[in-house]
Colleague: 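Below you will find the structure I want to go over with you.
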Protein chains: 2
Amino acid sequence: MARAGLTAERLTQAAADLADEIGFQNVTVSALARGFGVKPAALYSHVKDAQDVRVRVALLALAELADRAAAALAGRAGKDALVAFANVYRDYAKEHPGRYAAMQIELDPETLAASAAVRHSELTRALLRGYELSEPDQTDAIRMLHGLFHGYVNLEKAGGFRHTPREVDASWSRTLDALDSLLRNWPPA
Amino acid sequence: MARAGLTAERLTQAAADLADEIGFQNVTVSALARGFGVKPAALYSHVKDAQDVRVRVALLALAELADRAAAALAGRAGKDALVAFANVYRDYAKEHPGRYAAMQIELDPETLAASAAVRHSELTRALLRGYELSEPDQTDAIRMLHGLFHGYVNLEKAGGFRHTPREVDASWSRTLDALDSLLRNWPPA
DNA sequence: ATGGATTGCTTAATAGGTTTAAGTTAGCTA
DNA sequence: TAGCTAACTTAAACCTATTAAGCAATCCAT
């Protein structure tokens with residue numbers, strides 16, 4: 001009766017990979033157990049329940065994405081930084097659709113506060129250092145950028161832009177131009 | 001053996017209401033059947049399967065939201081129209097969280113093309129008539145606005161802004177100011 | 001109005017997923 | 001090496017989804 005060597009980390013990693021392959025919705029305790037050649041009940045020694053698995057994948061994805069964003073921001077400023085940062089989001093969603101979907105589940109406030117989501121805000125704030133915005137405009141701009149990246153990528157993934165002929169890459173690029181312009185000319189209160 | 005008078009429309013409506021009450025994720029064929037005092041199997045005469053129910057709710061929500069957006073746009077132009085339009089999205093998400101969540105499921109291309117999603121794009125295009133944008137800038141701006149509304153509302157709903165003290169209403173208002181400014185000064189290619 | 005067909009629902013059955021409790025064994029630790 | 005603990009299995013209860021088969025209510029035609 002060989003042991004599979006399960007840990008919460010290994011399970012989370014496997015669940016994330018599985019999500020990218022078969023879709024986040026289809027990641028079940030049973031499917032995960034099958035992947036390890038183990039009975040479903042075995043997972044409950046390492047993980048609280050199915051929701052716990054989902055949350056762990058979401059946290060993993062948030063952390064991975066924050067790492068990438070931080071790397072993209074290093075040594076860049078202004079529009080250069082904006083473009084690099086924005087593309088990290090878009091590329092991650094394309095490369096890891098399951099992980100990206102996982103990031104959209106609602107986390108309870110404490111979990112959220114302890115997650116890499118906080119780092120995302122900080123990074124977005126760092127991005128804005130290249131522009132001359134003081135509070136509270138800075139916070140408003142952060143929220144706007146964050147929301148925009150999120151929503152744009154989501155809509156693109158859902159096929160929301162497919163019914164218009166124009167290339168999404170071109171639109172995206174122009175959107176970043178527009179954002180850069182807006183951040184340089186943020187309207188006064 | 002009294003009949004419950006089920007129809008696809010009635011089921012869809014009930015599913016939408018149920019989604020707003022208990023969350024879209026928790027809308028199951030069984031729960032829906034319980035609400036009508038009927039066995040789960042009864043629903044399969046009116047609806048293909050569980051996914052069919054979800055899609056119907058999504059389409060209902062898209063149509064409702066498009067109706068509201070159209071009403072908000074009537075008789076308004078420029079920033080006035082922009083604000084009204086944007087608030088329709090935000091308010092709908094708050095008022096109907098389950099329906100709003102339903103709108104995020106991925107629809108296959110044909111379903112999407114036949115849905116009110118197309119009307120959303122048209123309405124956004126109408127909104128832009130108050131600003132002087134020619135193609136392809138117009139399409140780019142539509143996508144940007146659409147993505148921004150979507151993403152902002154989502155992040156707010158998920159609590160993504162809660163860790164910063166500033167009021168979300170104020171940020172939202174200033175974001176609309178910024179968008180108006182951007183649309184009036186769209187950067188040249 | 002009444003017979004027959006259609007439709008709307010129930011019953012019954014299969015298949016999977018989730019989760020808990022109880023049992024067994026592997027492998028560390030004293 | 002004896003025994004403890006942690007990792008897994010077995011077993012069982014419960015829920016959801018879905019299909020097939022049956023029965024009853026209503027519609028329609030004569």
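Letters A, B, ... mirror the listed sequences (proteins, then strands); counts begin at 1.
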Colleague: If each of A:D49 and B:P40 is mapped to the nucleotide of DNA chain C with the nearest heavy atom, which maps nearer the 5' terminus, i.e. the 5' end?
Modeller: B:P40
Colleague: A:Y89 vs A:H120 aromatic rings, parallel, tilted or perpendicular, using cut-offs 30° and 60°?
Modeller: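 Perpendicular.
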Colleague: Do B:Q25 and A:Q25 make a side-chain contact, defined as non-hydrogen atoms from C-beta onward lying under 4.5 Å apart?
Modeller: yes
Colleague: Charged N to carboxylate O under 4.0 angstrom, A:R166 versus B:D137?
Modeller: no
Colleague: Output one line per pair: protein atom, nucleotide atom from nucleotides 13-17 of chain C, and distance, for all N/O pairs under 3.5 Å.
Modeller:
unit_1	atom_1	unit_2	atom_2	d
C:dG17	OP1	A:R34	NH2	3.4
C:dG17	OP2	A:R34	NH1	3.4

Colleague: So, the side chain of B:R174 versus the backbone of A:P187: is there a donor-acceptor pair under 3.5 Å, distance only?
Modeller: yes
Colleague: Nearest whole Å is fine: how far is C:dT18 C1' from A:Q51 CD?
Modeller: 13 Å
Colleague: With a 4.0 Å cut-off, would you call B:R125 and B:E135 a salt bridge?
Modeller: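 Counted as a salt bridge, because a side-chain N and a carboxylate O are separated by less than 4.0 Å.
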Colleague: So does B:K39 have more than 12 non-hydrogen atoms from other groups sitting under 6.0 Å from NZ?
Modeller: no
Colleague: Salt bridge check: are B:E156 and B:R90 linked by an N-O gap of less than 4.0 Å?
Modeller: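 Here B:E156 pairs with B:R90 in a salt bridge, since their nearest N and O are under 4.0 Å apart.
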Colleague: Determine, step by step, whether B:N87 and B:W172 satisfy the side chain to side chain donor-acceptor pair (under 3.5 Å) criterion, reporting the C-alpha distance in whole Å, the side-chain angles of both residues, the deciding distance to 0.1 Å, and the verdict.
Modeller: CA-CA 9 Å; B:N87 281 325; B:W172 174 246; 2.8 Å; yes
Colleague: Which is true for A:A41 with a 4.0 Å heavy-atom rule: it touches a base, it touches only sugar-phosphate, or it touches nothing?
Modeller: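 Base: the residue A:A41, judged by heavy atoms under 4.0 Å, touches a nucleobase.
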Colleague: With axes from five pairs an end, tell me the bend angle of the helix from C:dA1-D:dT30 to C:dA30-D:dT1, nearest 10°.
Modeller: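 Inter-axis angle at the termini of the helix from C:dA1-D:dT30 to C:dA30-D:dT1: 10°.
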Colleague: Distance check needed: C:dT18 C1' versus A:L11 CG, whole Å only.
Modeller: 15 Å
Colleague: Do B:L148 and B:T175 have side chains that get closer than 4.5 Å, going by heavy atoms?
Modeller: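 The answer is yes; the side chains approach within 4.5 Å.
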Colleague: Base contacts versus sugar-phosphate-only contacts with protein, heavy atoms under 4.0 Å: please encode nucleotides 2-7 of chain D as B, S and - from 5' to 3'.
Modeller: ----BS
Colleague: Does a side-chain N-to-carboxylate-O contact under 4.0 Å join A:E106 and B:K157?
Modeller: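 Result for this pair is yes, salt bridge flagged.
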